[in-house]
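By convention in this document, chain letters (A, B, ...) are assigned in the order of the sequence lines, proteins followed by strands, and residues within each chain are numbered from 1.
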Amino acid sequence: MSTIEASRPAARRSRAVRTATTSARGAGKRRTTALCALVLSAVTLATVSPFLWAALSATKPTSVAFADPPRWHYSATLDVFTRLWKETDFAFYVLNTVSVALMSVVATLAIAAPAAYALSRRSGRFTTSVLAAAMVLRAVPVFAIALPFYETANRLGVYDTKLVLTLAFVGLDQPFTVWLLRNFFTAIPREIDEAAMMDGCSRWGMFLRIMLPLMRPGLTTAGIFTFLLAFQVYAIPLVLTDVNTKTAPVFLASQIGQTLPLLQQAAAGIVLLSVPIMLIALVTQRFLVAGMTSGALKG
Amino acid sequence: MAAPSLLTMALLLGVPLAWTLVWSFQHVTYGGSGTWAGVGNYADALGDPVFRSAATFTVLFSVVKTASLILVAFSLALLLNRVGRLRAWFLGFLMIPYVTPAVIAATAFAWLFDSNFGGVLNHVIEAVTGHEFLWFAQAWPNRVLLLLGVVWQEMPFALLILLAALQGVDESTLEAARVDGAGWWSQLRYIVIPWLAPMFRFVALISLMDGLRMFDMLVPLSPSSVTVGNSSMMQYVFNVSLRDGSHNLGLGSAVNILTMVLIAVLLVPMLWGQFKERKSA
């Protein structure tokens, strides 16, 4: 499970790349560190500035929210948040997105975990070709999937339902999730399997009772990615939904071309949607890092 | 145990892909049955100046974006590697553009430059350069804006990969180099960069793949992408098969297939290398 723990022992190893000052150790080194931290603070501030600016725009009185040049003196207000909540269906779209995201997490993990386990315990041509196929499927453009889904959903009369949207996400999530979970399963020694089998556990019994509890970090990581994907992918809900199952990002994107009061509500929506996602990312940073690096360093 | 997953991939990805392939050889629209068109759609796409412009822009942009992304991410990884315990804090904030939905993030980014939205950077740049740029209506300023926006959004992923690899650089090799009098630059040039080569390749591959499939970011960052000549192949697919009143499913599918062929050309050497590695391991 090197990917998860990499963040801690790495702190010790990282000294390896602190190369610059070998002479004049103490003071010189501290100065370099301080300089690096200073540059990074500037970069970090620049990185979050679009969101800060959106938050400022959302808390200005509507008349000056997007004034050109920008106004700096105004009395802050949260009116627009209330109006977004009351006058639009934003809450409904958020609820749509969250429920589709949760359904896709459950289905994706339930389908991918047994497969990932099986692929981690076998090698040979079959496993290699399944993993290669999964890799290729990760590279497919979303419209190559979205257009056939759109056509089929219309024919079956299920266009603009949560079911279709969830199915599309489950399909798209599957290859990545299998790869990710397989990397985590590979780190669990096979001796554990053998010991359990010796004690009379069946394959499935062992998988459910022993492997899944051991896999909690892996499943959490995969679950976070699946959940976030339902918010992140824009093209799929853009094509597959209309008024009934529109997701929050699609709704906000459609507000951008509107005029002032609606536009400022979009700014409020951006704040309302990104703040929880940022919090999730900050709290689950360890898992996100593990997931993002696992595909690269192993696999 | 792998059966449900294989079935899911076959039904939800394999079948749609098969339809895309079939439609790419048909004259077809929604709800209708297609008639065979041979390679007509492919010929139409390649002969359409709108597609040719989109394809050229997509490929060139992907290459420039990939190079910039690696440069920025590697520099930040080197900095992050030297700040010790503060690293986790910086990483947490630097990851924000990557986890926020791309459309939303790009919208907030675009506002900084848009005078219609009282963009603040707009005014700063105008004051510094004494020149007014039309960030959304002129081809080159818009390209710069797109590059900044996309690198901003994709940087966290590349950064994490390179940082993780950087932490695995062998310390004794560096120590030996230092004893032999190697400076910061030669250690970087002859030890760190060669060590990271596979990760640079991986990041480049992912970045090129994302570049060729670019869609979300363009919506807010380049609202008139087609007129200024900054549109992508995926936007072309969206426009011909869902917009413009044409509902040309065949043409859109053909461009989807062309994009996949382009990505496959990139992927095959990578997969082949991995396959050989596994065999020898």
Side-chain angles (χ1 to χ4, degrees), chain A residues 6 10 13-14 16-20 22 33 36-37 39-40 44 47-48 50-51 53-54 66-70 111-112 114-115 118-119 132 137 139 141 143-145 147-149 151 167 171 174 178 228 231-232 234-235 249 252-253 256 270 273-274 277-278 281-282 285 289 292-293 296-297, chain B residues 1-2 4-5 8-9 12-13 16-17 19-20 30 79 81-83 86 90 92-97 99-104 107-109 111-112 115 117-118 120 123 157 160-161 164 166-167 169 171 174 178 184 187 202 209 213 215-216 219-220 234 237 241 249 252 256 259 263 267 271:
Chain A
R13 260 181 288 151
S14 71
V17 204
R18 296 180 179 177
T19 48
T22 41
T33 307
C36 286
V39 175
L40 279 171
T44 307
T47 300
V48 296
F51 297 103
W53 192 247
F66 294 104
D68 183 47
I111 298 168
L119 291 174
L137 286 175
F143 283 112
I145 305 295
L147 296 181
F149 257 86
E151 164 76 358
L167 283 178
Q174 200 55 214
V178 169
L228 287 179
F231 281 88
Q232 282 161 341
Y234 171 63
L252 289 179
I256 293 163
I270 288 178
L273 201 63
S274 18
I277 292 180
M278 287 171 194
L282 281 176
Q285 196 198 95
V289 172
M292 280 154 86
T293 48
L297 304 183
Chain B
M1 285 174 102
S5 175
T8 305
M9 286 196 255
L12 298 180
L13 296 173
L17 276 182
W19 275 114
T20 295
Y30 302 102
L79 288 174
N81 205 23
R82 306 187 53 139
V83 290
L86 287 173
F90 284 125
F93 285 106
L94 287 172
M95 244 148 67
I96 286 173
V99 289
T100 326
V103 182
I104 307 269
T107 302
F109 192 88
W111 280 351
L112 287 182
S115 57
F117 300 134
V120 67
H123 285 278
F157 174 74
L160 274 182
I161 302 289
L166 208 50
Q167 292 173 343
V169 176
E171 177 155 17
L174 286 172
R178 243 168 289 165
W184 178 80
Q187 287 174 53
F202 175 80
M209 239 160 61
R213 297 181 294 178
F215 179 78
D216 295 13
V219 177
M234 286 300 109
V237 171
S241 48
L249 199 49
N256 272 330
T259 309
I263 292 177
L267 257 178
L271 277 180

For this session: Mind checking side-chain contact (heavy atoms from CB on, under 4.5 Å) for B:Val99 and listing every partner two or more places apart, or none if nothing turns up?
Result: A:Leu228, A:Gln232, A:Ile277, A:Ala281, A:Leu288
Exercise. side-chain contact (heavy atoms from CB on, under 4.5 Å) with A:Ala144: which residues, sequence neighbours excluded?
Worked result: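 A:Val140, A:Pro141, B:Leu17, B:Thr20, B:Asn256, B:Met260.
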What part of [X] gets closer than 4.5 Å to chain A, counting heavy atoms only: side chain, backbone, both or neither?
X: B:Met234; answer: both
X: B:Leu160; answer: both
X: B:Ile263; answer: side chain
X: B:Val120; answer: both
X: B:Ile104; answer: both
X: B:Ser241; answer: side chain
X: B:Thr8; answer: side chain

Among [options], single out the residue with the greatest number of heavy-atom pairs under 4.5 Å to chain B.
options: A:Ala54, A:Gly171, A:Ala253; result: A:Gly171
options: A:Leu282, A:Leu137, A:Leu252; result: A:Leu137
options: A:Leu147, A:Leu167, A:Val48; result: A:Leu147

Exercise. Hey, what's the ring geometry for B:Phe215 with A:Tyr234, parallel, tilted or perpendicular (30° and 60° as the breaks)?
Worked result: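 Rings of B:Phe215 and A:Tyr234: parallel, under 30°.
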For this session: Walk me through it: do A:Phe143 and B:Thr259 pass the test side-chain contact (heavy atoms from CB on, under 4.5 Å)?
Result: CA-CA 11 Å; A:Phe143 283 112; B:Thr259 309; over 6 Å; no
Exercise. With a cut-off of 6.0 Å (strictly less than), are more than 12 heavy atoms of other residues, nucleotides or ligands near CH2 of B:Trp19?
Worked result: no
